[in-house]
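These notes are about the structure you will find just below.
Chain identifiers are assigned alphabetically (A, B, ...) following the order of the sequence lines, protein sequences preceding nucleic acid strands; residue numbering begins at 1 within each chain.
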Amino acid sequence: MVVSNIDLTTEKIEVIKPSKFLGTAIKDFTLNLSDDYRYLKTGYYVSLHAEVLGSKVIPSCENIIDSSRTPILLLRAAKAGIPTLPFLVTDSVKKIIAEIGFPVAIFAVNPFIHNGYKTAANKSALYRAMKSLGMNYKFAVCAQPLKGEMVSVKSIFGKSEGDRVTKEISEQVFEVFKIPVCKLHIQKVEDKTYLCGMQPLGRKEISLNDLKTISRGIALISERGEPFSD
Amino acid sequence: MTKIACFVERYNFSDPREEAALQNFRCAAEKLGNEFQFLFRENIADIPKYNSVFIRATTDPLFTAYIVSKTAWELGLKVVDDPESITICANKIHQYALFEKFDVPHIPTVFLNKDELHHREISRIFREFGKPVVIKAPYTSFSRYVEKAACETSFREVAKRFFKKSDVLAVQKFTPTEFDWRVGVLGNEVLYVCKYMIPRGKWKHGAKLRGKPTVIWGRTVALKKEDAPRGLKDVALKACSVVGKGLYGVDIKEVNGDYVVVEVNDNPSIYAGYEDSRDKDIYTKIIRYLSE
Ligand SMILES: Nc1ncnc2c1ncn2[C@@H]1O[C@H](COP(=O)(O)OP(=O)(O)O)[C@@H](O)[C@H]1O
Ligand SMILES: [Mg+2]
C-alpha cells in the first residue's frame with residue numbers, strides 16, 4: 001500500500017492520502033511517502049498507524065526520529081560503516097573551541113529547528129551560531145569540524161546526483177534509515193566524503209524529475225512486493 | 001562496580017525534594033559499591049565512560065534526553081529510560097493506540113487529525129462522550145496540554161492551539177475522580193503505590209490557579225504497596241507490559257469500581273518524602289536494576 005501526501009505523476013499505482021489511511025485498518029506492507037517526516041507531523045503518524053496495525057512500514061517511526069536527530073543519525077551511520085566526522089553534542093562554546101576548533105559546522109539539536117546548519121570560522125561567528133541554533137543558548141547543538149566543503153544533495157530512495165562517493169553514501173544512508181525522500185548534508189574533504197546531516201525535502205524542492213524518480217522507486221517496490229531487503 | 005551516569009538538567013535541582021531524591025539515589029549507589037555521577041548536557045560526550053545511564057531530565061524524542069538515551073542504547077549501556085519507552089510514553093497517540101490494540105482498560109478515547117476539525121466530527125464526539133470532553137496534545141506532561149471543552153467554540157479553540165505542534169490529538173470522555181492512583185513499576189514489578197490527590201475544585205493533579213502562571217499540585221498520599229488493591233496493580237502491570245520493561249509511573253482512575261489507565265509515564269517523578277514514603281527501598285531497587 002502506498003500512502004502519500006505528494007501528488008505523484010503516475011496513474012499506475014494506487015495511492016492513499018494520509019488522512020484517509022489514518023481512518024483505515026488495513027494490514028499490509030506500507031510505503032509512506034511524505035515531504036515532511038517531522039516528529040508529530042502527519043508523515044510520522046502514518047508510520048505510527050501502520051506499525052500499531054502490525055504492518056511493515058517504510059520508514060519506521062524509529063528511523064524517522066533518529067534520522068532527524070543529528071547525533072543519532074551520525075552514531076548509527078558510523079556503526080553501519082558510513083563515513084562520518086567526530087562530533088560533539090554540547091551547549092558549551094568553550095568546549096567546542098577546545099575540542100573541535102575552527103572552522104566548525106553547527107547543527108541544531110532542539111525541538112524547533114529541523115533545517116540546515118551554520119558554519120563558524122571564529123569565536124564571534126560561533127557565538128552567533130550557538131545563539132540561533134541553540135535558541136539563545138537554551139539547547140545543545142551538534143558540532144562537527146569543517147575541514148572541506150559542505151554540499152547538500154537530494155536523496156530519493158537512496159538515489160542522488162553527484163559523484164560516485166556521494167551516490168554511495170546516499171545509498172548507504174537509505175539502507176540504514178530508509179527515508180524515501182530527504183536532503184543530505186555532506187562534507188567533501190580532499191578525496192574523502194562524510195555524512196554530516198539529513199533534513200526533510202520541502203515540497204517546493206521536489207522537481208518534476210524527482211517525481212519521476214519517486215514513481216520509479218514505487219514501481220520497483222510494488223513489483224518486488226517486499227522492498228529493499230533488511 | 002557499575003559506573004552510573006545520572007542525566008539531569010539544572011531544573012532537576014530546583015525543588016529541594018527532588019534534589020533530596022537524587023542524593024538518595026547517589027547514596028544508594030555508593031552503598032552498593034557503585035560509582036554515581038551527575039551528567040549534564042555539556043558532558044554528553046562522556047557517555048561511553050559509563051556502564052549505565054539513568055535519565056532524570058524530562059524525556060521526549062525532541063529533547064536532549066532522547067539523544068542521551070539512544071546514544072547509551074546504541075553503545076550497549078543499560079539505560080533507564082530506554083529510547084523505545086520514551087517514544088511510546090511521550091506520545092499519547094502512540095500509547096493509547098497500543099492500549100486499544102492490547103485491551104488495556106483505558107479512558108474512552110478517539111483520535112482527531114487536522115482535517116477532521118469540522119462541525120460534523122465535533123458533534124459526533126460530543127454525542128459519543130457527552131459534554132465536556134478532554135482534549136490532549138500528544139506531547140503533554142505535567143498536565144500542561146490537557147484541557148476541557150464543553151462547546152464547539154472552545155473545542156475548536158483548544159484543538160487549533162494543540163494542532164500547531166501535532167497533526168493528531170486525543171479526545172476523551174471527561175472522567176473526573178478525587179485522585180489518580182500512581183503505581184510505580186520497575187522491570188514488571190510494582191515498586192510503589194500512591195494517590196495523587198486532585199486539588200479541591202479542580203480536575204487535574206497539577207492545576208493552574210485562575211490568572212496565575214504557577215501550577216499547584218495536589219497532595220501525594222503513599223500506601224504500602226502490599227496494601228494496594230490487587231486489581232489496581234494488575235492493570236498497572238498490564239499497561240506497562242505493552243510499553244517495555246523499564247521504570248514507569250502508571251496513572252489510573254477508579255471509576256465505579258473499575259480501574260482505567262490514564263497514561264503510562266516513563267521518567268516518573270520521584271520526590272523524597274512523597275513516592276518513597278512507604279516503600280523506602282525504591283532507590284536501592286532502581287540502582288540494582290541499573291547495575292545488573
Ligand atoms: N479524560 C479525563 N477525564 C478527567 N481527568 C483527566 C482525563 N484525562 C486526564 N485527566 C487528568 O488530567 C491530568 C493530566 O492528564 P494526563 O493524561 O496524565 O496528562 P500529562 O501527561 O500531561 O500528565 C491528570 O491528573 C489526569 O487525571
Ligand atoms: Mg500524567
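In this structure, B:Lys101 contributes its side chain and A:Val52 its backbone to a donor-acceptor pair below 3.5 Å. Judged by distance alone, with hydrogens and angles left aside, the side-chain atoms of A:Arg69 form a donor-acceptor pair with the main-chain N or O of B:Pro61 at under 3.5 Å.
Each of A:Leu40, A:Asp36, A:Thr42 was compared with B:Asp167 under the side-chain contact (heavy atoms from CB on, under 4.5 Å) criterion, and only A:Thr42 meets it.
When each of B:Asp60, B:Leu98, B:Thr87, B:Ile93 is scored by its heavy-atom pairs under 4.5 Å with chain A, the top score falls to B:Ile93. Ranked by heavy-atom pairs under 4.5 Å with chain B, the list A:Val109, A:Thr90, A:Asn110 is led by A:Thr90. When B:Asp115, B:Val168, B:Asn113, B:Thr64 are compared by the number of non-hydrogen pairs under 4.5 Å with chain A, B:Val168 comes out ahead. Heavy-atom pairs under 4.5 Å with chain B peak, among A:Ile72, A:Val89, A:Leu22, at A:Ile72. In terms of non-hydrogen atom pairs under 4.5 Å with chain A, the most contact-rich of B:Lys114, B:Glu84, B:Lys70 is B:Lys70.
Nearest heavy atom pair, residue A:Leu75 against residue B:Thr71, reads CD2-CA, 3.7 Å.
Residue B:Lys253 places its NZ atom among more than 12 non-hydrogen atoms of other residues, nucleotides or ligands, all under 6.0 Å distant. Other residues, nucleotides and ligands place no more than 12 heavy atoms under 6.0 Å from the NE2 atom of B:His119. By the neighbour-count criterion of 12 heavy atoms within 6.0 Å, atom NZ of B:Lys148 is densely surrounded, having more than that number from other residues, nucleotides or ligands. Atom NZ of B:Lys238 sits in a crowded spot, with more than 12 heavy atoms from other residues, nucleotides or ligands closer than 6.0 Å.
Looking at B:Tyr139, only its side chain comes within 4.5 Å of chain A, counting heavy atoms on both sides. Heavy atoms closer than 4.5 Å to chain B are found in both the backbone and the side chain of A:Lys41. With a 4.5 angstrom heavy-atom cutoff, A:Tyr44 touches chain B only via side-chain atoms.
Applying the salt bridge (charged side-chain N to carboxylate O under 4.0 Å, His left out) criterion to B:Lys92, with sequence neighbours excluded, gives B:Glu263. B:Ser154 meets the side chain to side chain donor-acceptor pair (under 3.5 Å) test with no other residue; sequence neighbours excluded.
The line from CG of B:Leu62 to OG of A:Ser68 is 7.0 Å long, rounded to the nearest 0.5 Å.
Residues from residues 120-141 of chain A that place a non-hydrogen atom less than 4.5 Å from a non-hydrogen atom of chain B comprise A:Lys138, A:Phe139, A:Ala140, given in numerical order. Using a 4.5 Å cut-off between non-hydrogen atoms, the part of residues 41-54 of chain B that approaches chain A consists of B:Arg41, B:Glu42, B:Asn43, B:Ile44, B:Ala45.
Considering only heavy atoms from C-beta on, A:Tyr45 comes within 4.5 Å of B:Asn91 through its side chain.
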